[in-house]
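All residue numbers in this chain count up from 1 along the given sequence.
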Amino acid sequence: DHGTLVTGGLVGYTSGVTLSDCENHASIDVKQYAKMGNTQATTALIGGVLGCSGAFDRGNETYQASSLINCENTGDIKLGDKSYTGEHSVEGNGTFPKIAVWIGGVLGGDLANSTEGFETNLVNRGNITIDAYTEGAFVGGVIGHSYAATRDGLKNYGKITIENLISTRLLLGGIVSCIQSNTLSNSHNYGAIEVKNGWGRELYLGGVIGMNKSIINDCENSGSITSNFEIGTRSAAYGSVKRLAIGGVAGELSSSANEMNNCKNNATGDIIVTGKFFNGNAKLGYHGIGGVAGVMVGMVTNSVNDGDITVN
């Protein structure tokens with residue numbers, strides 16, 4: 001059996017509704033998510049205000065878009081679970097548990113592929129700390145992962161600390177880990193981001209967004225970025241490394257249709273990268289570190305970097 005754990009400071013999940021003018025001031029501490037009784041969890045969504053937006057509507061067999069407007073979180077969020085010891089245990093053989101986590105200061109994850117949803121004027125002031133084993137981690141200061149909503153006026157002031165994480169892939173942004181479509185506009189990250197003592201196959205890290213699959217406009221980062229993440233697989237049989245992509249605004253623009261317009265990494269957004277980049281007997285991928293984007297396949301216009309970059 002498999003299941004999904006959804007946790008929100010105010011609401012666990014919504015489908016086809018609007019949540020507005022809401023605040024959460026309580027902390028969230030998830031100490032175990034890999035097991036729920038006898039059920040093996042495959043996904044965990046955790047948000048300071050709302051865990052999951054656009055939950056699956058079984059009656060219509062669709063993901064119904066929801067909106068989140070004028071909401072704020074001040075509570076800290078912690079995830080710490082290394083209890084998984086099943087078939088994909090990380091201990092000894094270099095593989096990963098098949099559990100994905102989506103964590104955001106305000107919203108854990110937006111699943112709806114409809115553009116009808118809005119994520120507007122959201123503020124996170126709580127710190128996010130993760131110390132866990134996952135198959136994939138999608139972490140954002142405001143939104144963990146956003147599929148197709150219109151996003152505008154998002155701000156993060158909280159520090160994000162990823163410590164001792166073991167994960168196939170980590171997507172991490174000061175505002176959002178990844179957007180699949182539609183736009184992200186007029187958003188600003190002020191919080192520091194620190195990744196330390198972890199390892200995995202892929203890391204996409206940006207002061208605003210980890211991976212951009214759409215269009216971002218008029219966004220800024222003022223938080224420092226520090227990464228000490230080991231890129232590699234401790235079992236060559238598990239596959240090859242794909243990449244490390246770290247940018248002051250975006251880790252990666254992943255296709256030619258993606259855009260970054262009028263964005264800035266400010267002087268306080270210094271980038272410091274250390275760690276090992278290897279892959280045993282398997283083929284290495286490519287790595288990129290940049291003031292505004294680490295890896296760019298799309299288009300960047302009228303964007304500026306004022307932060308220093310140090311690679312050790």
Side-chain angles (χ1 to χ4, degrees), residues 5-13 19 21-34 41 43-53 68 70-83 99-110 119 121-134 136-146 154-167 170-177 187-198 205-210 221-229 268-269:
L5 171 67
V6 180
T7 304
L10 292 183
V11 180
Y13 67 86
L19 191 64
D21 302 300
C22 295
E23 296 183 6
N24 175 60
H25 303 293
S27 62
I28 297 174
D29 189 355
V30 178
K31 297 180 179 179
Q32 181 171 333
Y33 68 92
T43 309
L45 297 96
I46 304 165
V49 174
L50 174 62
C52 176
S53 170
L68 194 61
N70 299 329
C71 294
E72 180 172 335
N73 173 61
T74 62
D76 292 344
I77 299 174
K78 296 181 180 179
L79 173 69
D81 187 356
K82 295 182 176 177
S83 63
I99 305 164
V101 295
W102 297 5
I103 300 178
V106 177
L107 170 62
D110 163 19
E119 294 154 3
N121 299 332
L122 308 179
V123 178
N124 176 58
R125 300 182 189 276
N127 298 321
I128 299 173
T129 304
I130 300 175
D131 182 357
Y133 297 160
T134 76
F138 303 83
V139 184
V142 179
I143 302 173
H145 181 281
S146 184
L154 312 183
K155 292 181 174 63
N156 175 57
Y157 297 91
K159 180 179 181 180
I160 302 173
T161 304
I162 312 294
E163 186 171 8
N164 302 315
L165 178 75
I166 297 178
S167 179
L170 170 60
L171 280 71
L172 171 59
I175 296 296
V176 59
S177 75
S187 298
H188 199 145
N189 174 56
Y190 298 90
I193 301 173
E194 183 176 13
V195 179
K196 52 185 178 180
N197 303 325
L205 168 57
V208 173
I209 183 170
N221 174 56
S222 297
S224 62
I225 298 172
T226 306
S227 175
N228 181 11
F229 195 75
T268 52

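In this view, Glu194 and Lys159, Lys196, Thr226 satisfy the side-chain contact (heavy atoms from CB on, under 4.5 Å) rule, not counting sequence neighbours. Looking at residues two or more places apart in sequence or on another chain, you find a side-chain contact (heavy atoms from CB on, under 4.5 Å) between Ser146 and Asp110, Glu119, Ile143, Ala149, Arg151, Val176, Ile179. Taking Thr268 as the reference, Ser222, Asn266 meet the side-chain contact (heavy atoms from CB on, under 4.5 Å) condition, with sequence neighbours excluded.
Between Val30 and Ile46 the shortest side-chain heavy-atom distance falls below 4.5 Å. Two residues are said to be in side-chain contact when any heavy atoms from C-beta on lie closer than 4.5 Å; Leu122 and Leu68 meet this criterion. Leu107 places none of its side-chain heavy atoms less than 4.5 Å from the side chain of Val142.
When all heavy atoms are compared, the tightest approach of Ile193 to Leu205 is CG2-CD1, 3.7 Å. Closest heavy-atom contact between Cys71 and Leu19: SG-O, 3.8 Å. The two residues Leu165 and Phe229 make their nearest non-hydrogen contact at O-CE1, 4.0 Å. His25 approaches Thr74 most closely through the heavy-atom pair ND1-OG1, 2.8 Å. Shown here for Ile77 and Ile103, the closest heavy-atom pair between the two residues is CG2-CG2, 4.1 Å.
To the nearest 0.5 Å, atoms NE2 (His188) and CG (Leu154) are separated by 12.5 Å. Between Ile128 atom CD1 and Lys78 atom NZ the span is 13.0 Å, to the nearest 0.5 Å. How far CD1 of Ile130 is from CD1 of Ile162: 4.0 Å, rounded to the nearest 0.5 Å. Here the CG-CD1 distance, from Leu172 to Ile209, works out to 11.5 Å after rounding to the nearest 0.5 Å. Note that the CG atom of Asn228 and the CD atom of Glu163 stand 11.0 Å from one another [nearest 0.5 Å]. The CG atom of Asp76 sits 4.5 Å away from the CG atom of Asn127 when rounded to the nearest 0.5 Å.
Checking side-chain atoms of Asn124 against main-chain N and O of Gly141 turns up a donor-acceptor pair under 3.5 Å. Side chain of Asn164 to backbone of Asp131: no donor-acceptor contact under 3.5 angstrom is found. Without hydrogens or angle criteria, Asn73 side chain to Gly105 main chain gives a donor-acceptor distance under 3.5 Å. Under the 3.5 Å distance criterion, the side-chain polar atoms of Asn24 are matched with a main-chain donor or acceptor of Gly48.
Neither side chain, Ser177 nor His145, offers a donor N or O lying under 3.5 Å from an acceptor on the other.
Classified by interplanar angle (parallel below 30°, tilted 30° to 60°, perpendicular above 60°), the ring pair Tyr190/Tyr157 is parallel.
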